[in-house]
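These figures come from a predicted structure and were not determined experimentally.
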Amino acid sequence: MGEMELTSDVASDDEDANTTVVEAASAALLLRLAGNGADIALIQEPWIVGGKVSGLRAPEYKLVVAESQGNIRTCTLARNHLSIFLLHSFSNEDNTAVSLELQSAPIRLLSCYMAYDQPGPPPEDITRRLVNDCVTNNIGLLIGCDVNAPHKRLLCDIEGGGCQLVAYADDVAMIFTGKYPQTLCDLMTVKLSNLAAWADKCGLGVNPDKTELVLFTSRYKVPALIPPKLKNSALSFSDSAKYLGLVLDKKLD
């Protein structure tokens, strides 16, 4: 099997602008598939016209999408020669689950959109049931998902009181501003505890050993501080931190 393609669009608050973006993204995806010959694409937020996926028709590919009355936000493209079929019991507008029959063993693929407008934390029940079924029956599972949506809920629950949170995929930066460094450290312990609890509820994890802590200040002398804790582990101050490829040192040079 060739390369696996995972793609999602860029959301916009302007409906006309968003339509232009997804239309262009659909055309770009088809050009890329034609260029590199990828076998499968797991897609989130496709171009929808009249309640149906549009702009993704190609002679060499078949479109797999759940039969749903809701707002379709996922689908899958697969080459015609592949033996692939929709898993109806594990699919809805936000989840397109398919089974790919290979000579060695079948494997399941899931295109998943983790929506902020769901009542509970992601992933939703239908996704969890698919994962559990794959574990029970020893079937391989590959998931391609839009991971940005859940951060909106995270932002609402944790931000405030001198704390600002920036999240991209699985990289999270927490920014605390205030006049008194020790007060900020104490506040950080509380907010980090909230973050860890949220991650545990979503089946994720946070690692204190990979957490970097930098104090940005114009003061020449900083009093000794009791550092904040994450999961009962005291964090250590660093001279710099790297976020999304950008190195920020304590002097912001």
Exercise. If every non-hydrogen atom of Asp249 is compared with every non-hydrogen atom of Ser240, which pair is closest and at what distance?
Worked result: CA-CB, 3.7 Å
Problem set entry | Residue pair Lys62 / Arg79: nearest heavy atoms and the distance that separates them | CE-O, 3.5 Å
Exercise. Do the side chain of Ser193 and the main chain of Thr189 share a donor and acceptor less than 3.5 angstrom apart?
Worked result: no
For this session: Tell me, please, which residues at least two apart from Asp200 pass salt bridge (Lys or Arg N to Asp or Glu O under 4.0 Å).
Result: none
For this session: Assess whether atom CG of Leu31 is packed by more than 12 heavy atoms of other residues, nucleotides or ligands within 6.0 Å.
Result: yes
Problem set entry | Within residues 80-92 or reaching into it, pairs that qualify as salt bridge (charged side-chain N to carboxylate O under 4.0 Å, His left out) - sequence neighbours excluded | none
Problem set entry | Partners passing side chain to side chain contact (heavy atoms under 4.5 Å, CB included) against Ile175 (at least two apart in sequence or in another chain) | Gln164, Val166, Thr177
Exercise. Do Asn95 and Thr127 get their side chains close enough for a donor-acceptor pair, meaning under 3.5 Å?
Worked result: yes
Problem set entry | Test side chain to side chain contact (heavy atoms under 4.5 Å, CB included) applied to Ala241 - qualifying residues, sequence neighbours left out | Glu212, Val214
For this session: Name all pairs fulfilling the salt bridge (charged side-chain N to carboxylate O under 4.0 Å, His left out) condition that reach into residues 225-247, sequence neighbours left out, sorted by first residue then second.
Result: Asp239-Lys250
For this session: Count the heavy atoms of every other residue, nucleotide or ligand shown that sit under 6.0 Å from CG of Asn138, and state whether that count exceeds 12.
Result: no
For this session: Quick one: list whatever passes side chain to side chain contact (heavy atoms under 4.5 Å, CB included) with Leu248, sequence neighbours left out.
Result: Phe216, Leu246
Seminar exercise, completed: side-chain contact (heavy atoms from CB on, under 4.5 Å) test vs Ile43 passes for just one of Leu29, Thr76, Thr74, namely Leu29
Exercise. Among pairs that include at least one residue of residues 98-111, which meet salt bridge (charged side-chain N to carboxylate O under 4.0 Å, His left out), considering only residues two or more places apart or in two chains?
Worked result: Arg108-Asp133
For this session: Could you tell me which residues satisfy salt bridge (Lys or Arg N to Asp or Glu O under 4.0 Å) with Arg57, sequence neighbours excluded, listed by chain and number?
Result: none
Seminar exercise, completed: Nearest heavy-atom contact between Leu42 and Gly144 is CD1-N, 3.8 Å
Exercise. Got a donor-acceptor contact below 3.5 angstrom from the Gln44 side chain to the Ser111 backbone?
Worked result: no
Problem set entry | Thr211: partners by side chain to side chain donor-acceptor pair (under 3.5 Å), with sequence neighbours left out | none
Exercise. Taking only residues two or more places apart in sequence or in another chain, which ones pass side chain to side chain contact (heavy atoms under 4.5 Å, CB included) with Asp125?
Worked result: Arg129
Anything under 3.5 Å between a donor and an acceptor, one on a side chain of residues 202-210, the other on a protein residue two or more places apart or in another chain? List them.
from	atom 1	to	atom 2	distance (Å)
Asn207	OD1	Asp209	N	2.9

